[in-house]
Protein chains: 2
Amino acid sequence: MAVDKAKGRDTGTLGKAMRLLDLVAEADLPLRFSDILARSGEPRGTVHRQLTHLVEEGLLEIGSDSTYRPGLRLLSLAARAWASADFREIAAPALRALHEETGETVHLGVLRGTDVIYLDKVESRQSVRMHSQIGKASPLYCTGIGKAALSLLPKEEASRLIAGLDFHRFTPSTITSAAALEEELEAIRMAGHAFDREEHEEGIRCVAAPIRLSGSERAAGVSVTGPAFRVGRDRLEHWADAVKRTAARIGEEAALRLGPRH
Amino acid sequence: MAVDKAKGRDTGTLGKAMRLLDLVAEADLPLRFSDILARSGEPRGTVHRQLTHLVEEGLLEIGSDSTYRPGLRLLSLAARAWASADFREIAAPALRALHEETGETVHLGVLRGTDVIYLDKVESRQSVRMHSQIGKASPLYCTGIGKAALSLLPKEEASRLIAGLDFHRFTPSTITSAAALEEELEAIRMAGHAFDREEHEEGIRCVAAPIRLSGSERAAGVSVTGPAFRVGRDRLEHWADAVKRTAARIGEEAALRLGPRH
DNA sequence: CCCTATGTTCCATTATTTGGAACTCAATTT
DNA sequence: AAATTGAGTTCCAAATAATGGAACATAGGG
């Protein structure tokens, strides 16, 4: 049977179920059975039984027209995951301070695999709902936090991650080659901060700094984000120091409160 | 091995993994391997392998001191679940209106099993972070929304649910018997709204009304919540109508936009 | 009425999980 | 320093659950 060496993991039955769950969650509209069947490439019986199990567990929900969508149980599980992410709590005051100083949206994110997961967000305007972004995953190579966090990893680990990336062009400025990313990464290591120059979304720019989380094997970052019309290169440059100070502060706090005991 | 008829479900391997995940998520502080082993009652080898799988899938995370806590992947999955909960989106304007009218915190929740899951919350003070409650599960028998939603179910279904409850006294006013709950339920059916008279948390009161979600086999509710010192019985009574109107409005909107197609 | 698309169920075969025991590695205790 | 305890990890034959091909059901057209 030989486990696929390239990918490595083999989480058996659970892994298969999760792949299916991902498939449904990732779709931006409810899928019908046949859609899932087609996308999964697995045989009918198998898919059907697995979906049934996921529904019974509350991880998926099935509509009257037998469309599948993510289930509520995910919400309650995540609520706990979020609550117990004490790193987030530790960072909160520093994020607020940075927001006051800059007046723009501040994000906190961590690296998971090749994605950045947003843990928290501070913004002034209420109109855009807060949760909308929390927990969201974005590719590492086109976000300020992603690139900043990457610059913190040991070089060979960073290169390994980069080698495995699947670049997708979101905007004209998106970095779309490993070579270009490696080059930018070198600059980020020197400067201590990273920019996102409308690389993920047109009209959105940011400066980010990496947070060193000793102990926890995790790379994280903070960023200040704003619309291009209001935030020019000069302002980004100008904020870089504040962002770096914030990152350092969070790193120290975390080391203090998560390091010794916990 | 004869499936436990009383409980019914048998989601095989997935179910077992999820039970373990719940166990870890439900604990309010990170558990070590032995804690989990003890609480699960399963044999060593089994627990160890399952935890390993959960970690590999990102559903759990393991700290340097080999403690387990909920993983970040739950956040990203839930982000999608929340985004695609179009019911929440439909309800949002009505919730805001109710908040403006009453000036107190407004909740939207749905019934899942014997719990109420909070889908959304509108409040004025920013100090208490919004997410803190979203996705949270609270027992059905001591929350306004829970009791209201229950009043919507067919009587025998409600009774079946009630019979299966495991009452826990949170405050002196908590309802702690099936008989008392059945009685109150009758009153709620007549009135069309439910109160929470400091039954879940001391000093916190609320009025809730059930939302009828035709089609979707789901019972939901809206509530207005406030601190006892500011919200007397009279005020609660006074808001009852507004809450009922809001519930009706959400129900109609949902029927319109989720019923025909979708 | 037949045809097709879609969703559901069945069951012998096959692969995965199980769980008891043995093993490692530190930190105590004797 | 040797023995003991406690915590985490690994192993593998036996038990159990997942697989997937095919048959069955159901609904909408043409």
Side-chain angles (χ1 to χ4, degrees), chain A residues 1-5 7-24 27 29-57 59-69 71 215 217 260-262, chain B residues 1-5 7-24 27 29-57 59-69 71 215 217 260-262:
Chain A
M1 166 206 69
V3 170
D4 185 357
K5 272 282 286 302
K7 285 278 170 177
R9 19 270 244 351
D10 173 15
T11 46
T13 309
L14 177 64
K16 290 171 206 157
M18 293 306 296
R19 247 170 282 149
L20 211 52
L21 179 56
D22 260 344
L23 206 157
V24 175
L29 84 178
L31 297 177
R32 283 168 318 169
F33 175 75
S34 340
D35 301 326
I36 302 174
L37 178 60
R39 297 192 194 196
S40 73
E42 303 283 319
R44 295 177 94 68
T46 303
V47 173
H48 191 267
R49 181 178 31 74
Q50 286 193 336
L51 287 176
T52 307
H53 283 170
L54 286 167
V55 168
E56 279 174 357
E57 285 298 328
L59 298 173
L60 283 182
E61 273 169 31
I62 184 166
S64 49
D65 50 352
S66 51
T67 57
Y68 293 84
R69 63 189 68 197
E217 299 300 300
R261 280 275 98 227
H262 212 71
Chain B
M1 180 206 84
V3 171
D4 185 358
K5 273 282 287 299
K7 284 278 170 178
R9 13 265 236 6
D10 174 15
T11 46
T13 309
L14 178 63
K16 291 170 206 160
M18 293 306 295
R19 248 169 281 148
L20 211 52
L21 180 55
D22 261 343
L23 205 157
V24 176
L29 84 179
L31 297 178
R32 283 169 317 167
F33 174 75
S34 336
D35 301 326
I36 301 174
L37 179 60
R39 297 192 192 196
S40 74
E42 303 284 318
R44 295 177 93 68
T46 303
V47 172
H48 190 267
R49 181 179 30 73
Q50 285 193 335
L51 287 176
T52 306
H53 282 169
L54 286 168
V55 168
E56 278 173 357
E57 285 298 329
L59 298 174
L60 282 183
E61 275 169 30
I62 184 166
S64 49
D65 49 354
S66 52
T67 56
Y68 293 83
R69 62 189 68 196
E217 297 302 300
R261 281 272 96 230
H262 210 70

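Throughout, a chain's letter reflects where its sequence line sits, starting with A, and its residues are numbered from 1. Keep in mind that what you see is a predicted model, and the values were worked out from it rather than measured.
- An angle of 20°, rounded to 10°, separates the two end axes of the helix from C:dC1-D:dG30 to C:dT30-D:dA1, each defined over five pairs.
- Residues from residues 42-51 of chain A with heavy atoms under 4.0 angstrom of DNA chain C, sorted by number: A:Arg44, A:Gly45, A:His48.
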Candidate pair A:Arg49 and A:Thr46, rule side chain to side chain contact (heavy atoms under 4.5 Å, CB included), full reasoning | CA-CA 5 Å; A:Arg49 181 178 31 74; A:Thr46 303; 4.0 Å; yes

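- The nearest pair of heavy atoms linking B:Leu60 to B:Val24 is CD2-CG1, 3.6 Å.
- Residue pairs meeting the salt bridge (Lys or Arg N to Asp or Glu O under 4.0 Å) criterion with at least one partner in residues 14-24 of chain B, sequence neighbours excluded, are A:Arg73-B:Asp22.
- Of the inter-residue distances, the one linking B:His53 atom NE2 with B:His48 atom NE2 reads 11.0 Å to the nearest 0.5 angstrom.
- Taking atom CG of B:Leu37 as the reference point, atom P of D:dA7 lies 10 Å away to the nearest angstrom.
- Here A:Lys16 reaches the OP1 or OP2 of D:dT19: one of its side-chain N or O atoms lies under 4.0 Å away.
- Atom CD1 of B:Ile62 and atom C1' of D:dT9 are 11 Å apart (whole Å).
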Got a list of side-chain donor-acceptor pairs under 3.5 Å for residues 36-43 of chain A, not counting sequence neighbours?
| from | atom 1 | to | atom 2 | distance (Å) |
| --- | --- | --- | --- | --- |
| A:Ser40 | OG | A:Ile36 | O | 3.2 |
| A:Ser40 | OG | A:Leu37 | O | 3.1 |
| A:Ser40 | OG | A:Glu42 | N | 3.2 |

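- Residue B:Phe33 contributes atom CZ, which lies 11 Å from atom P of D:dT10 at whole-angstrom precision.
- Remark: A:Thr67 OG1 to A:Leu31 CG distance equals 8.5 Å, nearest 0.5 Å.
- The side-chain heavy atoms of B:Leu14 and A:Thr13, taken from C-beta on, include no pair separated by under 4.5 Å.
- Scored by the side chain to side chain donor-acceptor pair (under 3.5 Å) test, A:Gln50 finds no partners at all (sequence neighbours excluded).
- The nearest whole Å value for the distance from the CE atom in B:Met18 to the P atom in C:dT17 is 16 Å.
- The distance between atom CG of A:Leu54 and atom P of D:dA18, rounded to the nearest whole Å, is 12 Å.
- Residues meeting the side-chain contact (heavy atoms from CB on, under 4.5 Å) test with B:Ser34, sequence neighbours left out: none.
- Following rounding to the nearest Å, B:Leu14 (CG) and D:dA18 (P) show an atom-to-atom distance of 9 Å.
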Please enumerate all protein N or O atoms sitting under 3.5 Å from an N or O of nucleotides 26-30 of chain D, with distances to 0.1 Å.
none

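- Taken from CG in A:Asp35 to CG in A:Leu23, the straight-line distance is 10.0 Å, to the nearest 0.5 Å.
- At the phosphate of D:dT9, neither OP1 nor OP2 sits under 4.0 Å from any side-chain N or O atom of B:Thr52.
- Listed nucleotides D:dA18, C:dT18, D:dG8 differ in distance to B:Ser34; the shortest reach to its side chain belongs to D:dG8.
- At whole-Å resolution of the value, NE2 in B:His53 and C1' in D:dA18 are 14 Å apart.
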